[in-house]
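Reminder, nothing fancy here: chain letters follow the sequence lines and each chain counts from 1. The structure presented is a predicted model; accordingly, all values stated were derived computationally and were not measured.
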Amino acid sequence: MDNVRDIVKAFIRDQIASGESIEEIADDTNLKDNGILDSLSTLKLVSFLEQEFHIEVQAADLEAERLSSMNSIVGFVVERAKKGR
Amino acid sequence: MTLAVQANAVSTQQTSAHYRRWLAIAQIALAIWIVYHYEIEAPALPTVMSLAACGFVISTLLPDRYRLPLFVVLSLLGLFAVLGLTDGAWLIAICLLLIGTCHLPLPGPTRVFVLVLLGGLLAALRMTWGSSPWSSALWPVLGSMCMFRLILYVRAILSGEKPTSAWNTLAYFFMLPNVAFPLFPVVDYKTFQRSCSKTAEDDIYDRGLLWISRGLTHLILYRVIYNNVLNDPAEISSLGDLVQFMLGTFLLYLRVSGQFHIAIGILHLFGFGLPETNKLYYLSSGFTDMWRRMNIYWTEFMTKTVFNPTYFRLKGLGQIKAVGLATAVVFIVTWFLHSYQWFWLRGGFPLRFQDILFWGILGILVHRGVMKEFRPRQPSKNAIFPARWISGLKAAATFFVICFLWSLWSVQSLADWIWLMSAGTNVDAKGLALLSAAFTTVFVLATLERSALQGSSGKWAQTVLTPTARSIVGLILLLAVAQPAVRTMLPPSLASALNSVQSPDVNARDNFAQSRGYYEQLDENGGVEESPPATVAEAFEKIMRNQDTCEWQFHTKRWRLRDDNLLMMDLTPSLHLPYPRCWTRSMTFSTNSWGMRDKEYALEKPGDTLRIAISGASHVMGNGVSDGETFEQVVEDRLQREFKCERYQRFEILNFGVDSYGLIQQLVSLEENGFKFSPDITIMTVRRQERSWMRLYLSNVASYHARISDDSLQELLQNAGLADIDRSRVPIPFQSWRVSAKKLGIEPAMPSSELEARVERVADEVINWSWQHFSEMSALHGALPIALAIDAVLDGPPVAIPNLEAIENAGIHAINLYDVFPAGQREAIRVSEADIHPNAAGHRIIADRLYEELVPIIRAKCMTHPEQKQ
């Protein structure tokens with residue numbers, strides 16, 4: 001789980017965040033409300049998660065705000081990865 | 001930690017909270033003072049701000065659980081206060097019906113179907129296909145509350161979302177700011193629910209107050225731009241004018257961003273910590289960045305309802321294709337929904353070609369940016385220039401491109417835009433200076449913003465520039481510049497710009513557009529409608545067909561087509577019309593056998609009579625007053641009664657005034673009839689915006705191919721490219737392009753911008769010609785020419801007579817009565833709230849001053865020998 005967290009954090013830090021330090025943001029903070037994720041960067045994240053963890057993300061998952069904080073992203077990835085196995 | 005230390009800490013926190021609350025109340029008081037003082041978005045915003053302030057104070061005294069109900073009650077009160085009881089009640093009923101439909105115990109698709117049916121019914125009423133028991137003021141507010149929120153709400157409900165409480169749902173739809181800001185329609189339901197803080201949070205209040213302060217600044221800056229920067233497209237003749245126009249049109253968006261800041265700021269005062277929008281949008285470093293910054297509520301709405309569903313459906317085609325197609329769909333839908341929004345807020349459903357072009361180009365630019373963002377970021381190399389400089393350059397480039405695009409969105413047609421752009425080939429110092437200033441400003445600010453984002457702006461800045469400090473500084477600055485004493489210390493140009501923002505007056509151009517709208521609807525959509533009138537007769541027929549108001553029906557009854565000369569229309573002779581019921585009091589409108597709004601006069605002047613012929617527009621003719629109440633009649637009666645002169649025993653003033661008559665029509669009227677009556681004095685009247693009236697008139701003369709009998713005037717228009725112009729179907733700029741188009745079988749039309757620009761170039765010459773001609777004709781007939789500056793009951797300070805130099809050069813005596821209506825009495829001396837013509841009391845005021853001005857002139861006439869010509 002921590003491994004997933006580190007990978008996602010690294011991706012957000014290197015490929016998405018601009019100026020804000022992802023390290024300083026609490027794991028349950030809403031990344032959208034904090035200006036780190038927006039509609040476009042969410043899709044970039046989706047694309048990364050699908051490729052990196054071999055899972056499939058649906059529009060309904062975004063609607064249900066399954067990728068809103070670090071904790072929810074990690075939880076979602078772990079859950080989907082388990083289902084996929 | 002000891003108990004004493006803990007107690008001390010709690011006490012310090014409480015003191016700090018109290019202190020912050022009081023500081024917040026002080027800021028709200030300042031903001032309200034500014035809203036009232038500058039009449040910002042009056043009358044709705046002052047009401048909304050007062051309610052918000054009272055609500056905020058009460059909410060600080062109430063337990064947290066009552067905050068949401070309090071907000072709902074205030075929102076409903078706001079509706080009643082702004083819309084009135086009837087409209088307020090209807091609006092609430094309609095909204096509740098729509099919300100209730102979302103919760104009907106029916107399958108989802110059925111509920112959506114019922115909602116669409118109800119929406120269709122409301123749309124039919126909006127299009128006035130049926131009569132509704134509420135006024136038209138209800139539509140924009142209803143539209144802003146329901147047109148998008150209902151979509152987001154029903155979507156959330158159908159996806160299984162449960163509203164946290166009925167209060168929350170009511171707060172979502174009836175948001176207090178909407179009654180003042182209908183342009184704030186989209187708020188995501190889930191974001192709204194999530195944003196609602198359960199407890200009082202001073203940070204949210206501070207942020208809200210900062211945004212209110214920022215919003216007020218934007219709205220005042222908007223007025224500066226609107227009154228001082230935005231130029232008339234007709235006056236664009238160089239790169240400088242063009243750059244000024246492009247900057248002006250884009251910066252008008254300050255009004256929208258200001259409204260958003262205030263609306264969200266007010267919501268923050270009640271604990272709704274909604275995200276910031278329109279954040280430094282003019283510093284966007286690309287079009288995706290701009291799409292993110294400008295109205296992120298819309299971006300969010302589009303992403304949820306259009307982009308994501310399209311993208312995930314097309315994902316199988318590959319990421320690049322899916323993103324490209326989804327972006328294209330977003331921009332097509334955005335274009336369509338802007339017209340949909342327009343429909344509910346303003347009525348009508350505009351689908352213009354340049355809108356398609358604007359959204360299409362913007363869509364391509366955003367798509368390019370999106371694709372670029374999807375590529376993996378490369379680690380930054382050792383660049384020659386620092387990243388913040390690159391960011392500044394990108395921001396400056398984006399700013400220029402968006403200004404360029406925005407100007408396309410702001411003009412009537414693509415042909416008009418191409419015509420305007422052609423002025424850019426005339427490079428001048430003003431243009432280069434404006435370009436350099438705009439580039440430097442955006443570059444420097446964007447570089448600073450980038451530095452701040454990278455945290456290199458210094459700790460001191462973060463400490464000093466807290467939201468509260470920034471809000472207070474902003475409010476105090478707005479307060480300070482409102483003080484006359486402060487303005488006197490500023491450079492005159494800056495003081496003048498600040499004076500112009502004091503009240504929400506429309507600028508000279510729009511003021512004229514409003515006043516002309518009453519009579520001059522001939523050139524509406526002139527260049528783009530399917531079959532614009534080609535002759536004076538067709539234009540007259542069109543204007544006579546428009547019978548939408550009782551007043552208009554009455555006006556048209558007295559008009560007669562005159563396409564045999566430049567009069568275009570005059571008054572039907574020997575009329576006796578009782579005023580209709582729509583006028584507030586019983587009156588009559590009569591004309592004599594010569595078509596003058598006056599009593600009967602013999603053509604031959606009796607030997608002991610001094611005659612004055614006066615011409616002018618509706619305020620001279622006496623629109624809104626009864627026969628015998630016009631100022632010329634009052635002066636005539638008084639001269640007869642009080643003025644003693646051996647030479648003249650009788651005095652007659654002949655009224656040749658006709659609705660909307662400008663200088664040329666007055667001149668033609670005097671030539672055709674006035675001089676036949678052997679006047680001793682001839683008076684032509686001049687309105688404050690006579691130049692604008694002249695431009696409009698010349699446009700009509702050129703468009704409708706009016707008959708010009710005077711060779712010198714014909715030559716002036718010919719030299720300006722206004723003789724025999726094409727006004728067919730397809731607007732095409734430049735004469736050479738139109739000639740080529742004709743060869744290809746296209747029926748070209750001169751675009752409105754080109755027509756207006758050509759008219760603008762010749763307007764002064766024609767005005768000078770008019771005064772010179774008036775002087776010569778009067779001299780020929782032995783009459784003394786006078787230019788009388790008089791207008792309807794307009795607000796604003798007295799102004800100089802337009803083209804006074806030409807009047808004086810022609811040897812014409814000028815009388816300035818622009819200051820005749822005392823500022824405090826203006827409302828009382830207008831015909832009605834909607835009709836700015838002087839009423840009978842207003843005419844008496846004019847008569848009193850005019851009498852005083854005429855007496856010395858007539859006395860001088862008394863002294864001259866009867867045979868002595870003027």
dist B/W291:CH2 -> A/D38:CG (nearest 0.5 Å) comes out at 12.0 Å

Self-check item: Spatial distance of atom CG (A/L40) from atom CD (B/E373) [nearest 0.5 Å]
Solution: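 With rounding to 0.5 Å, CG (A/L40) is 5.5 Å from CD (B/E373).
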
* Select one option (side chain, backbone, both, neither) describing which atoms of A/Q58 are under 4.5 Å from chain B's heavy atoms. =>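 Only the backbone of A/Q58 comes within 4.5 Å of chain B.
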
Please determine whether the number of non-hydrogen atoms from other residues, nucleotides or ligands lying under 6.0 Å from atom [atom1] of [X] exceeds 12.
X: B/R368; atom1: CZ; value: no
X: B/L158; atom1: CG; value: yes
X: B/W298; atom1: CH2; value: yes

Please classify the contact between [X] and chain A as side chain, backbone, both or neither, with a heavy-atom cut-off of under 4.5 Å.
X: B/T288; value: side chain
X: B/R313; value: neither
X: B/E300; value: side chain

- Task: Return the option, out of B/K304, B/R155, B/K190, B/R194, with the maximum number of heavy-atom pairs under 4.5 Å with chain A.
- Result: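 Going by pairs under 4.5 Å, I would pick B/R194.
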
Correct closest heavy-atom pair for A/S41 and B/R292 would be N-NH2, 4.3 Å

For A/V57 and B/K315, the nearest pair of non-hydrogen atoms, with its separation, is O-NZ, 3.1 Å

side-chain hydrogen bond (donor to acceptor under 3.5 Å, both in side chains) filter on A/S69, not counting sequence neighbours, yields A/S72

